[in-house]
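The basis for the numbers below is simple: all heavy atoms, side chains too, and nothing from hydrogens, waters or symmetry mates.
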Amino acid sequence: MARLHQDFSIVILTGAGTSAESGLDTFRGSSGGGGIWAQHNLEEVATPEAFAKDPDLVHAFYNARRAALFNVEPNAAHQALAKLEQAFAGNVTLVTQNVDDLHERGGSKSTIHMHGELRRARCTACDARFEWLDDLLVSSVCPSCQSVGGMRPDVVWFGEMPYQMGRIYELLEVCDLFAAIGTSGNVYPAAQFVHHAASHGAETYELNLEPTGSSRDFHRRAYGKASEIVPDWVESLLRGQRVS
């Protein structure tokens, strides 16, 4: 690894595998076929068309996901990444595909939620966004424009553009190190982040429970439980940093 210094930039992408050990279901399970999408048809609950067709069903799906957050806690991987953000002399940007708030509860301060957040809602009438901890219903009233029936989870559905993509690509183009943690590497545009970062000179790492179809695209790889391999990796980075 190149010598780390105060201008060194790290971009970390996290996926569902980072939160799985906290007890949250992954949306795409392992090769065994688990995960939330094995239980639900995504066309019924995770598209704008689904919301227009049956908003009650969509709300019920996401209300259950939101309620589950009250029963889980951040794990050692979340805490280690927060430690890296706080203790590293250079710049660390955390980009997550997860819609949970475990990174924040683990101590991270500036996470980019490219797929939105379960504990936020937005209004389809005025596009205002709010923190929202309770159930969303068809009868929910927008706190901004007072319209009824247009409140939806502030999450990115299939067919919609992830949030802050311009900023993410700018960060990938100037980072010195890119790491993908707990992500399948199958979902675009996040799946192409490793190529974008590497093409601009970044060293790339994959940390995952097991190899993925994109493992060979990374310079370095480590496999195992996120709660074990991520703290070890963070400690190695902090030991190796040199402030110039």
Check your understanding: Would you say the side chain of C123 lies within less than 4.5 Å of the side chain of S144, judging by non-hydrogen atoms?
Key -> no
- Message: Would L177 and L237 count as a side chain to side chain contact (heavy atoms under 4.5 Å, CB included) here? Give the steps.
- Response: CA-CA 11 Å; L177 188 157; L237 290 178; 4.1 Å; yes
Interatomic distance, OG1@T124 vs CZ@R152, rounded to 0.5 Å, equals 8.0 Å
So OG1 of T93 and CD of E170: to nearest 0.5 Å the spacing works out to 11.5 Å
Rounding to 0.5 Å, atoms CG (L133) and CG (L118) come to a distance of 11.0 Å
field: Parallel, tilted or perpendicular, as decided by the 30° and 60° cut-offs, for the rings of Y169 and H196
entry: perpendicular
To the nearest 0.5 Å, atom CE of M114 lies from atom CD1 of I168 at 5.0 Å
* Asked: Can V155 be reached from V45 by stepping across I, L, V, M, F, W or Y side chains whose heavy atoms are under 4.5 Å apart?
  -> yes
Interatomic distance, CZ@F178 vs CD1@I12, rounded to 0.5 Å, equals 9.5 Å
Salt bridge (charged side-chain N to carboxylate O under 4.0 Å, His left out) test vs R119 passes for just one of D135, D101, D100, namely D101
Do R120 and Y62 meet the cation-pi criteria used here (NZ or CZ under 6.0 Å from the six-membered ring centre, within 45° of the axis)?
no
Do V92 and I229 sit in the same hydrophobic cluster, where Ile, Leu, Val, Met, Phe, Trp and Tyr count as joined when their side-chain heavy atoms come under 4.5 Å apart? yes
Any chain of hydrophobic side-chain contacts (each under 4.5 Å) joining L13 to I10?
no
| said: With a 4.5 Å cut-off on side-chain heavy-atom distances among I, L, V, M, F, W and Y, is there a chain of contacts connecting Y205 to L172? | reply: no
Given side chains that start at C-beta, do those of P48 and E160 come closer than 4.5 Å, heavy atoms only?
yes
Salt bridge or not for E235 and K83, using N-O below 4.0 Å? yes
Does the plane of the ring in F51 sit parallel, tilted or perpendicular to the ring in H59? Use 30° and 60° as the thresholds.
perpendicular
What about F218 and I181, same hydrophobic cluster or not, with Ile/Leu/Val/Met/Phe/Trp/Tyr joined at side-chain heavy-atom distances under 4.5 Å? no
**Q.** side-chain hydrogen bond (donor to acceptor under 3.5 Å, both in side chains) between T212 and S184, intermediate numbers included
**A.** CA-CA 6 Å; T212 67; S184 66; over 6 Å; no
Please answer whether the main-chain N or O of A77 pairs with a side-chain N or O of E21 as donor and acceptor at a distance below 3.5 Å. no
dist E173:CD -> H200:NE2 (nearest 0.5 Å) comes out at 4.0 Å
NZ or CZ of R220 within 45° of W233 ring axis and under 6.0 Å: no
Exactly one of E104, Q97, H103, Q164 clears side chain to side chain donor-acceptor pair (under 3.5 Å) with H113, and that residue is E104
